[in-house]
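Note that the numbering runs from 1 along the sequence shown for the chain. Basis for what follows: all heavy atoms, side chains included, without hydrogens, waters or symmetry-related copies.
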Amino acid sequence: MNPHECKYYQRRDKGQVECLLCPHHCHIAEGRTGICRSRRNSGGTLISEAYAHPCALAIDPIEKKPLYHFHPGTKCLSIACTGCNFHCLNCQNHDISQAAPHQVERGYLSPERVVEICLDQGCPGIAYTYTEPLTYIEYVSDMARLAHERRLWNILVTAGYVCEEPLRDLLPLLDAANVDLKSFSDETYQRVSGGRLSVVLDTILAMKDAGVWLELTNLVIPGVNDDPEMIRQMCQWLSSHGLSNAPLHFSRFFPQYRMKDIPPTPLKTLQMARRIAQEEGILHVYLGNV
């Protein structure tokens, strides 16, 4: 297949391109990729090497996303390509999220074929998940547009690190999303994931305003983001911004990737987080990985 040109970029001097998909705004030299490893400068054109080349395809319960209040009891077709614009030290899918497309086994599936597979398997929706689907947003958008034409749901599982224009373009195609709110500390975001908290909060509010069904996940990591006051501030922010009805999933950490020296999250820590969330008006609080 011919390379697929990315939508969000500008050409710069000396053959460079600037990717405008996420706030990293990677300046990419000829033959190189940005932080996500899948958007490459090819002769002054930014191409998506992940487009139509998924590395994972599965049928999952919708609760696995996790979405507990969006058509519970149904299944979805989950699809992922390699790539992520974060480098979370605890990533459980690092073998595909922190890899370039050519480094993992992958196939070719056109957007039309993905939708047909979803229909053939009797799934009412597609979940873009496992890695960071925003890094292959062109593929997601094309699948999502066709999915809506066939009356299928579109579900985005994301860390929410994206610029305003591409997010605005994608929102009308989304029915539900789970956003991974990694902490309520900008310093922690920068140190552990390589991003900024404010961008993720803006994404959450944009989804809410667009009418996308929204659920949030907070992976509680001992010594990293388990401070009770930080958790309280996060819950206060959610309540004060009209998100008290958005289900909040506190998920248990297990040693992963570059955080293998940190022990699993004690159950009492998750129970503490749930208690704080309820005190701050969050109506639906769930504990995951327990």
Taking all non-hydrogen atoms of both residues into account, name the closest pair between [X] and [Y] and its distance.
X	Y	result
G44	E30	N-OE1, 3.7 Å
K65	S78	NZ-OG, 2.9 Å
N154	A147	OD1-CB, 3.4 Å
L109	P54	CD1-CG, 3.8 Å
S141	L173	O-CD1, 3.7 Å
P124	T74	CG-CB, 4.2 Å

Rounded to the nearest 0.5 Å, how far apart are [atom1] of [X] and [atom2] of [Y]?
X	Y	atom1	atom2	result
R196	E187	CZ	CD	10.5 Å
E229	Q236	CD	CD	6.5 Å
T82	H102	OG1	NE2	9.5 Å

For residues 258-277, which side-chain N or O atoms pair as donor and acceptor with protein atoms under 3.5 Å away, sequence neighbours left out?
residue : atom : partner : partner atom : Å
T265    : OG1  : V220    : O            : 2.5
T265    : OG1  : F253    : N            : 2.9

Quick check against the 3.5 Å criterion: does [X] have a side-chain atom that pairs as donor or acceptor with the backbone of [Y]?
X	Y	answer
T203	V199	yes
D226	G223	yes
Q98	C84	no
T131	C81	yes
E132	A159	yes
E215	Y68	yes
N178	L67	no
H249	L216	no
N218	L181	yes

Mind checking whether [X] and [Y] have side chains closer than 4.5 Å, heavy atoms only?
X	Y	result
Y9	I28	no
K7	P166	no
L20	H25	yes
E138	Y8	yes

Q: Decide if atom CZ of R32 counts as having more than 12 heavy atoms of other residues, nucleotides or ligands within a radius under 6.0 Å.
A: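 Result for CZ/R32: open.
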
Q.
If you count every heavy atom of other residues, nucleotides or ligands that lies below 6.0 Å from K64 atom NZ, does the total exceed 12?
A.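 Not buried by this count: 12 neighbours or fewer within 6.0 Å.
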
Same apolar cluster: [X] and [Y], side chain cutoff 4.5 Å:
X	Y	result
L197	L238	yes
V140	I62	no
I155	V162	no
L219	L287	no

Q: Indicate, with yes or no, if the rings of H4 and Y136 have centres closer together than 6.0 Å.
A: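 When the ring centroids of H4 and Y136 are compared, they turn out to be at least 6.0 Å apart.
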
Q.
Ring centroids only, cut at 6.0 angstrom: are Y161 and H24 within range, meaning strictly under it?
A.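 So the answer is yes for these two rings.
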
Q. Quick one: do R150 and E116 make a salt bridge, cutoff under 4.0 Å?
A.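 So R150 pairs with E116 through a salt bridge.
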
Q: Would you sort out whether Y286 and H69 count as a ring pair (Phe, Tyr, Trp, His ring centres under 6.0 Å), showing the intermediate values?
A: CA-CA 11 Å; Y286 301 100; H69 289 228; 5.7 Å; yes

Q. Parallel under 30°, tilted from 30 to 60°, perpendicular over 60°: which one fits the rings of F70 and W153?
A.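 Because their plane-to-plane angle is over 60°, the rings of F70 and W153 count as perpendicular.
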
Q: Identify which one of D120, D60, L57 satisfies the side-chain contact (heavy atoms from CB on, under 4.5 Å) criterion when paired with L77.
A: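 Testing each of D120, D60, L57 against L77, the sole residue satisfying side-chain contact (heavy atoms from CB on, under 4.5 Å) is L57.
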
